[in-house]
Amino acid sequence: MQIAPTIAELRESLGEARHAGKSIGLVPTMGALHEGHLSLVRLAKKQCDLVVVSVFVNPTQFGPTEDLSKYPRTFERDQEMLTSENVEIIFAPSTEEMYPPGASTYVEVEGLSERLDGKSRPGHFRGVATIVSKLFNIVQPDKAFFGQKDAAQVAVIRKMVRDLDLSIAVMVGEILRETDGLAMSSRNVYLSPDERKQALVLSQALQQAKDEYSRGERTAQTLRNTMRAVFTVQPSAEVDYIEVVDWQTLLPVEKAAPGTLLAVAAKIGSTRLIDNIVLPAAQ
Ligand code: PAF
């Protein structure tokens, strides 16, 4: 496995691979890897000849009061995990490599970037769209792999790819959960044992709304009320949003249907967690 710390080194290796006719898969990450990331890597390995995993904690997607400096950094462990998955290349640039002094160009997906997480984290999706376009330009992958857990991010990236006519297939891997339902996240390490239990409220709220949908309920407001009621039982969770939206536009729907996104975000202690469910086709 090669570790490329610079764009030049990465481009050289990828040039050779491309010349040899290999298809390239990109799994963008901010490190602190867990099984959720590894499931994306496995998907990429199945579908592409060569897989690049980028490990870069992107400062432009963190707000001024957010957890950039304390974001978990576990590079040695990440490297071991990716070696076991037979990943060909890790791209691990420095901040200066990605944002040289004076860099002042950003990519903004208007509209979508102000919805869901974008509403409470102004500038977050501008940072995501900017770094993901830079990674797309540097790696020029055939396919890029993202987790459904960041459903709003997926919507923003899909729109960016469409709007800018990028010739990259955006692939989405399912959410991986702990046995009790908690969605896997690099931020789960911040939770105290007590908060870890409280955090179950997110997946429980989603599950109850999904069950109600399976029993025939279609009114979005009713599904939202159901989720809100579950959160009421866990008052220590500070709700950011409880939404029933179209996954493409991230706008609220009145009637839920297959493909509708149920999405929640809440702070448990000082840790902001998100989770979602995409409603399935009727059985
Ligand atoms: O989902 C993430 O980990 C990040 O938002 C991403 C896509 C790697 C961009 O920094």
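Remember, it's 1-based here, ligands and their atoms both numbered in the order they're listed. Here the structure is a predicted model, which means the values were calculated and not measured. Sequence positions, counted from 1, serve as the residue numbers for this chain.
Counting atoms of ligand 1 from 1 in the listed order, those under 4.0 Å from a heavy atom of P28 are 8 (C). Of all the atoms in ligand 1, the ones that sit under 4.0 Å from a non-hydrogen atom of D150 are 1 (O). With ligand atoms numbered from 1 in the order given, ligand 1 contributes 9 (C), 10 (O) to contacts under 4.0 Å with heavy atoms of I131. In the vicinity of T29, heavy-atom distances shorter than 4.0 Å reach the ligand 1 atoms 8 (C).
Below 30°, between 30° and 60°, or above 60°: for F56 and Y99 the angle between ring planes is between 30° and 60°, a tilted geometry.
Annotation: atom 7 (C) of ligand 1 to nearest protein heavy atom, Q153 NE2, 3.5 Å.
Looking at H124, Q61, M30, H37, it is Q61 that brings a heavy atom closest to atom 9 (C) of ligand 1.
Taking OG of S186 as the reference point, atom NE2 of H34 lies at 4.0 Å (rounded to 0.5 Å). In this structure, S113 OG and Q153 CD are separated by 11.0 Å, a value rounded to the nearest 0.5 Å. Atoms NE2 and NZ, on H37 and K149 in that order, are 8.5 Å from each other to the nearest 0.5 Å.
The ring-ring contact (aromatic ring centres under 6.0 Å, His included) test applied to H124 returns no partner, not counting sequence neighbours.
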